[in-house]
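Have a look at the structure below, then the notes.
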2 protein chains.
Amino acid sequence: MQSHRLPTLEDVARVAGVSRATVSRVVNGIRNVDPQLHELVWTAVEQTGYVPNKMARSLVTRRTGTVALVVSDSETHDDDPFMSRFFADPYFGRVVGGLMSVLRPASVQLALQMVGADGHKRLVGDLRNGQADGAVVLSLPARDPLPGLLADARIPAVLIGRPADPVPISYVDLANETGAALAADRLAARGCRQIGMISGPADVPASQDRITGFRRATARHGHAWVPTASGNFTQESGERAMRSLLAGHPQLDGVFVANDLMALGALLVLRDAGRRVPEDVAVVGFDDSSAALAARPALTTVRHPLEDMAAEAAKLLLVRVEDPDARVSSVIYEPTLVVRQSA
Amino acid sequence: MQSHRLPTLEDVARVAGVSRATVSRVVNGIRNVDPQLHELVWTAVEQTGYVPNKMARSLVTRRTGTVALVVSDSETHDDDPFMSRFFADPYFGRVVGGLMSVLRPASVQLALQMVGADGHKRLVGDLRNGQADGAVVLSLPARDPLPGLLADARIPAVLIGRPADPVPISYVDLANETGAALAADRLAARGCRQIGMISGPADVPASQDRITGFRRATARHGHAWVPTASGNFTQESGERAMRSLLAGHPQLDGVFVANDLMALGALLVLRDAGRRVPEDVAVVGFDDSSAALAARPALTTVRHPLEDMAAEAAKLLLVRVEDPDARVSSVIYEPTLVVRQSA
DNA sequence: GTACGCTTGGAGAGCGCTTTCCAGATTGCG
DNA sequence: CGCAATCTGGAAAGCGCTCTCCAAGCGTAC
């Protein structure tokens, strides 16, 4: 084992009896190098245990081989504890898993970045000079200025979930409206007469789309008006919303809940209220997260292929990193309904 | 906005009319620099929009300001899909959240690294020359060689969960035995006569400790023999284990389940079998994950302060990065029992 | 036999930053 | 008032790598 200093290109060159340039060419597999020299160099590399220094390489190539996963919450102050709660959400893990599935084969690193309202400028600065080659952005709140800043700075970036305001930036998203419509159709098909909805926060695009899509579809089925209570995507808020919905509309016999976690809460409240699911009240969730399977009765829900979407985002980003002038593009995934027991 | 080239130290120096060295000193807050010059330099920095280039800085300082979160699964081949499943586990998110809570205030980046059996050597190589300043290791399988390799290479590293074999490396862990004993005490206090256990995989240290601790404590309470079924920490495996346990020991009136997810499964099976919880069968889980609260009845469980532990791991790592010769240390957390409804 | 084209390896100029070493300026004290 | 001691800012040497020239070396054709 080397004492302290790690072997450098120089060392390998000396051992192999060639110049640094030649070693560099061999290591990077470039150009025509005499096969004999090629061989010679490789043995020298093995022998010295040489590993190229990433920093030095990046300094000249202007490439880091890293992309950032930016969790942006512009409404949160930088040292708020809020965001750590976000990490516990299955959402986060699914995204990471999806990203990794394409990043790892491409030998690209993933660096985690959290940024609150105050960090936007610094983040863009850091990104601009090679903190990372690009960024996948998870924009929590509505009207996040970050996508715009990123676009202005010409930093390769891909959003997961469409931006609230139109911005020239690539993104992947789910056809949330279609998904919500699927839920509405199911409820209607079951013959529900009095349909309600538990929505997410009103200012999140994905949440808005689910509301719009659900309303439009129920209207098509003859339900002019759908009572709605809103939560913030946590189980607890789902319980609260269900309680209020039930209080206002006792004959409710079908409800669409904008995510599975809230649906879980709704299920508990319904049970406590003595309603059978799905006999008395049919429930449809959204996301098809692991919670949906864990629920009793198992949740009928709209499948949200988050892993695939994250993987696609990673692919788009990689393309964009390769060619910064590539066309801005978006990929919209079609949700499907997963029928289980709750509706 | 600059056209293409970002401003460098040189540029700032020219604008301020001083040398690069002086700008560097000011930017890094070093040495005595004339307050007037200091001021001058800062305005030049603002004016040019200068952001130090991390790569160049790292190249000379040998510091990256990044630590890696290594998810090691030496039993998995590098392109197995297994690990992506791991990300969806709340465990992962809790660790990330805990790490971030100390890394972010310290302005240290977190880079995600997954590594299977084949990647160990490369990982160590990459780490050794400045991929990252150190690593927090999440070692999934038993007998992972990685901790040893890391120690040999003198790479600052901290494990979450004790290593299977003794290795000179820092770690944080939970007093799993104590936790299991807490569960046993609770079951005994409730007057359970026929106690069973659903354990995790036999080769994972944490799992072993829970088994040992539970057996020892039940023995103290006069239960010489505890029937045990094992799972792999998933809900589904918990269901299976519960079914087999119930089949073999119909008069079971108390069960300790080695994690909450499996406990969730056990609860479902018990309900299907017509057993009331906790009246007929008392159930104690482990982890106090969000699943424990979501369960009905809410799960009595052993609290596993994973976020705190991860935060501590980050602190230990930071210390070690600062002083590589710091003493190897371990921090063991004491679990507590969270009594809810299931026992 | 000379000229010309092509291949191949080496020299060397940076990439942007930190940091050591030194010279010049300033101060304190005899 | 002079000399040593102290402080400040600049020049310059790298950190390890890539990549653009350039000079040989070789083969071919005239």
Using five pairs at each end of the helix from dG1(C)-dC30(D) to dG30(C)-dC1(D) to define an axis, what is the angle between those two axes, to 10°?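 The helix from dG1(C)-dC30(D) to dG30(C)-dC1(D) shows an end-to-end axis angle of 60°.
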For [X] and [N], give me the distance from atom [atom1] to atom [atom2], rounded to whole Å.
| X | N | atom1 | atom2 | value |
| --- | --- | --- | --- | --- |
| Leu6(B) | dC15(C) | CG | P | 14 Å |
| Glu10(B) | dT18(C) | CD | P | 13 Å |
| Leu40(B) | dT8(D) | CG | C1' | 15 Å |
| Leu37(A) | dT7(C) | CG | P | 17 Å |
| Met55(B) | dC17(D) | CE | P | 15 Å |
| Arg128(A) | dG16(C) | CZ | P | 13 Å |
| Arg63(A) | dC17(D) | CZ | C1' | 16 Å |
| Arg25(A) | dT20(D) | CZ | C1' | 10 Å |

Does some side-chain heavy atom of [Y] sit less than 4.5 Å from a side-chain heavy atom of [X]?
| X | Y | result |
| --- | --- | --- |
| Val136(B) | Val70(B) | no |
| Tyr171(A) | Ile160(A) | no |
| Thr66(A) | Thr66(B) | no |
| Asp11(B) | Tyr50(B) | no |

Counting only side-chain nitrogens and oxygens, does [X] get under 4.0 Å of the OP1 or OP2 atom of [N]?
| X | N | result |
| --- | --- | --- |
| Ser19(A) | dA11(C) | no |
| Thr61(B) | dT18(C) | no |
| Arg62(A) | dG16(C) | yes |

Mapping Leu59(A) and Thr22(A) onto DNA chain D by nearest heavy atom, which one lands closer to the 5' end?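 The residue whose closest nucleotide sits nearer the 5' end is Leu59(A).
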Do we see a donor-acceptor contact under 3.5 Å between the side chains of Ser72(A) and Asp144(A)?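 The criterion, which ignores hydrogens and geometry beyond distance, is satisfied for Asp144(A) and Ser72(A).
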On a heavy-atom basis, which atom in Val15(B) and which in Ala44(B) lie closest, and how many Å separate them?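 That closest heavy-atom pairing would be CG1-CB, 3.8 Å.
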What nitrogen or oxygen pairs link the protein and nucleotides 12-14 of chain C at under 3.5 Å?
unit_1, atom_1, unit_2, atom_2, d
dA13(C), N6, Arg20(A), NH2, 3.2

Over all strands shown, is Asn28(A) touching base, sugar-phosphate only, or nothing at heavy-atom distances under 4.0 angstrom?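 If one applies the 4.0 Å heavy-atom cut-off, Asn28(A) turns out to touch the sugar-phosphate alone, with no base involved.
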Donor-acceptor list for residues 308-316 of chain B side chains, cut-off 3.5 Å, not counting sequence neighbours:
none

Is the Phe92(A) ring parallel, tilted or perpendicular to the Phe92(B) ring (thresholds 30°, 60°)?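 The rings of Phe92(A) and Phe92(B) lie parallel, inter-plane angle below 30°.
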How far does CG of Asp152(A) sit from CZ of Arg154(A), to the nearest 0.5 angstrom?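 That separation rounds to 10.5 Å.
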